[in-house]
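Please read the structure below before turning to the comments.
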Amino acid sequence: MKYQRPTIPRGTRDFGPVEMAKRNFIFSTIKTVFQKFGYQPLETPGMESLSVLMGKYGHEGDQLLFKILNSGDFLKAMSAKDLKDGYRQILRKVSEKGLRYDLTVPFARYVAMNHHKLVFPFKRYQIQPVWRADRPQKGRYREFYQCDADVVGSRSMINEAEIIWMIYEIFSNLGIKSYTIKINHRKILEALSALAGGEGKENTFYIAIDKLEKAGKEKVIRELTDAGFDHEKIDKVFPLLEMAGDTREKIIRLKKLFHSLEAGISGLQEIEETFSHIQDSEINIPNLRFDLSLARGLSYYTGSIFEVTMDDGSIGSLSGGGRYDNLTSLYGVPDIPGVGFSLGVDRIYDVMEKRDLFPDQTSTFTIVLVTTLDAEAVPYSLPLLAKLRSQGISAEIYPDVVKIKKQLNYADRKGIPYVILIGSQEMETGKLTLKSMRTGKQEALDIGAIIEKIKNQMND
RNA sequence: GUGGUUGUAGUUCAGUUGGUUAGAACGCCUGAUUGUGGUUCAGGAGGUCGUGGGUUCAAAUCCCAUCUUCCACCCCA
């Protein structure tokens with residue numbers, strides 16, 4: 001018989017019980033912090049209309065969108081002429097939906113559709129998978145989870161400060177160390193771009209200097225001069241990007257430089273405000289850095305931008321975000337500014353796994369396995385199961401009548417701490433054999449005493 | 001999307017210049033112990049050599065395509 005070897009698409013993964021226990025630890029840690037800061041949950045569909053998604057992530061982003069073929073005869077609107085006009089023309093006729101690329105754009109769509117009934121400032125968190133038609137690598141998947149928290153309807157830098165605060169708290173609670181939270185501002189970069197002679201080419205500037213750390217100075221300068229930036233002016237701007245010193249020194253120096261550049265000044269003011277709110281909060285965030293070379297490629301950011309990276313550079317960014325003032329206006333609802341950030345669970349998982357940061361935990365919830373020595377023991381055992389469960393004790397019975405050896409082996413491998421043995425002796429006396437799988441010790445107790453004993457253990 | 005790389009039992013890997021029945025370790029199953037797991041001992045099962053085509057008397061081995069893995073670019077969580 002010929003069969004098909006099962007596979008899953010490249011860049012996707014299954015998560016078994018052991019992995020799920022660890023992933024759930026990350027999810028619940030993040031969720032707890034989001035809720036502590038007053039964010040409310042939201043879920044949106046995995047697929048969106050392509051009209052909602054296209055054009056929000058820049059040219060590169062459109063290519064990385066997974067498109068869904070129309071149902072039924074998807075070719076019916078096509079003509080021979082369309083074929084000649086190229087794939088972009090064809091795409092519009094055969095596909096109207098796509099898988100979401102991130103959680104921010106669907107959120108903006110949701111806000112635009114529901115702004116009349118939302119309470120502003122609206123703070124939402126969202127934990128769902130996103131899809132990108134990228135080439136997979138380590139820490140880079142085609143389906144992965146993002147955990148986003150965003151506020152819309154507020155221009156206050158309190159929001160920026162709270163985002164940094166949440167990032168700090170989440171990473172602390174996960175036990176991750178030696179990472180850096182970088183912050184910068186698109187308006188500062190806009191001013192720097194102007195100083196480099198690139199008015200109207202800000203996006204090129206952002207994308208180019210975002211590579212500074214990885215690709216090096218020469219390549220970035222070449223990319224900029226190729227794009228029409230002035231070589232001499234670039235030489236003046238570059239030392240600024242690499243400027244040393246603490247936040248205050250950087251701000252003072254830039255303020256002098258920006259004296260006539262309005263955008264730059266207002267960007268600096270917002271950075272200053274953000275830092276001062278953090279200071280007033282009296283929390284100490286040692287790994288926060290004002291980094292002028294942070295740019296981020298996504299085209300919708302207009303204000304502050306953040307990113308979290310590991311100091312050893314072992315993996316891309318773990319988190320990223322920023323302020324976007326015009327996203328909902330693309331859907332016809334102007335004047336709803338927003339700011340938010342996204343955590344990459346899959347990369348966080350990889351970092352924690354590599355550094356062995358997961359707390360000890362079993363993927364098994366079962367506390368007691370009821371084993372039966374023969375068929376007669378089965379009907380005797382079922383009411384005992386009910387009693388255990390009614391007391392909140394997770395219990396299961398081995399469903400088949402097989403050798404006790406096999407049943408104990410099952411408990412051992414699944415990491416179940418207690419086993420109750422039921423045989424003719426137990427049924428006669430009502431004293432059940434309770435065995436601890438850890439110590440191997442066993443004792444004869446009635447069901448009431450067993451429940452009490454296990455409950456005491458659970459409370460410890 | 002561009003360039004490179006990887007694929008052999010469940011897992012990690014051997015497999016000579018193309019040459020008989022493709023091996024090991026661990027894991028798995030069975031038994032030693034018919035009411036006792038994790039140790040030990042004995043035995044056993046398990047392979048479309050990623051897939052499809054080609055060259056050859058003969059292919060895990062050579063060639064082509066494709067899928068997958070990882071890496072670089074691009075971009076990003």
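In what follows, chains are A, B, ... by sequence order, proteins preceding strands, each numbered from 1.
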Residue that, paired with A:D134, satisfies side-chain hydrogen bond (donor to acceptor under 3.5 Å, both in side chains) out of A:R142, A:Q63, A:R140: A:R140

Is_stacked (A:F144, B:A77) at 5.5 Å, 30 deg: yes

First encountered from the 5' end of RNA chain B, between A:R140 and A:P9: A:P9

Touch class at under 4.0 angstrom, heavy-atom based, for A:R142 against every strand present: nothing

Quiz item: A:D412 side-chain donor-acceptor pair to B:G37 base, under 3.5 Å: yes

Pairing partner of B:U6 (Watson-Crick or G-U wobble, both distances under 3.5 Å): none

Nucleotide forming a Watson-Crick or wobble pair with B:U34, both distances under 3.5 Å: none

Position toward the 5' end of RNA chain B (nearest nucleotide), A:Q63 or A:S319: A:Q63

A:R132 (side chain) donor-acceptor with A:Y101 (main chain) under 3.5 angstrom: yes

Nearest-angstrom distance from the residue atom CH2 of A:W131 to P of B:A77: 16 Å

Nearest-Å distance for atom pair CG/P, residues A:D134 and B:A72: 13 Å

A:N70 side-chain N/O to A:E96 backbone N/O, donor-acceptor pair under 3.5 Å: yes

Nearest-neighbour nucleotide for the A:Q425 side chain, B:A77, B:G35, B:G37 considered: B:G35

Base B:U36 paired with A:K405 side chain (donor-acceptor, <3.5 Å): no

Over 12 foreign heavy atoms within 6.0 Å of NZ, A:K67: yes

Sidechain-backbone polar pair: A:Y39 side chain, A:K31 backbone, donor-acceptor under 3.5 Å: no

Among B:G37, B:G35, B:C75, the nucleotide that comes nearest once only the side chain of A:T433 is considered: B:G35

Separation of B:G4 P from A:Q137 CD (nearest whole Å): 16 Å

Touch class at under 4.0 angstrom, heavy-atom based, for A:K219 against every strand present: nothing

B:A60 and B:U20, which share atom name P, separated by this distance in whole Å: 10 Å

A:K403, nearest nucleotide to its side chain (from B:G31, B:C76, B:A77): B:G31

Interatomic distance where CD belongs to A:E443 and C1' belongs to B:G35 [whole Å]: 18 Å

Parallel, tilted or perpendicular: ring planes of A:F34 versus A:F341, cut at 30 and 60 degrees: perpendicular

Side-chain donor/acceptor contact of A:R135 with base of B:G3 under 3.5 Å: yes

N or O in side chain of A:K435 less than 4.0 angstrom from B:G35 OP1/OP2: no

Whole-angstrom distance between B:A22 and B:U48, as gauged at atom P: 13 Å

N/O (side chain, A:R10) to phosphate O (OP1/OP2, B:U68) under 4.0 Å: yes

Distance between P atoms of B:G10 and B:A45 (Å, rounded): 15 Å

B:G35 base / A:Q442 side chain donor-acceptor hit below 3.5 Å: no

Base of B:C76 paired with side chain of A:R347 (donor-acceptor, under 3.5 Å): yes

A:F171 and A:Y179 aromatic ring geometry - parallel, tilted or perpendicular at 30°/60° bounds: tilted

Interatomic distance at C1', B:G1 relative to B:G53, whole Å: 27 Å

Touch class at under 4.0 angstrom, heavy-atom based, for A:Y141 against every strand present: base

Side-chain N or O of A:K138 closer than 4.0 Å to phosphate OP1/OP2 of B:U69: no

Base of B:U36 paired with side chain of A:Q407 (donor-acceptor, under 3.5 Å): no

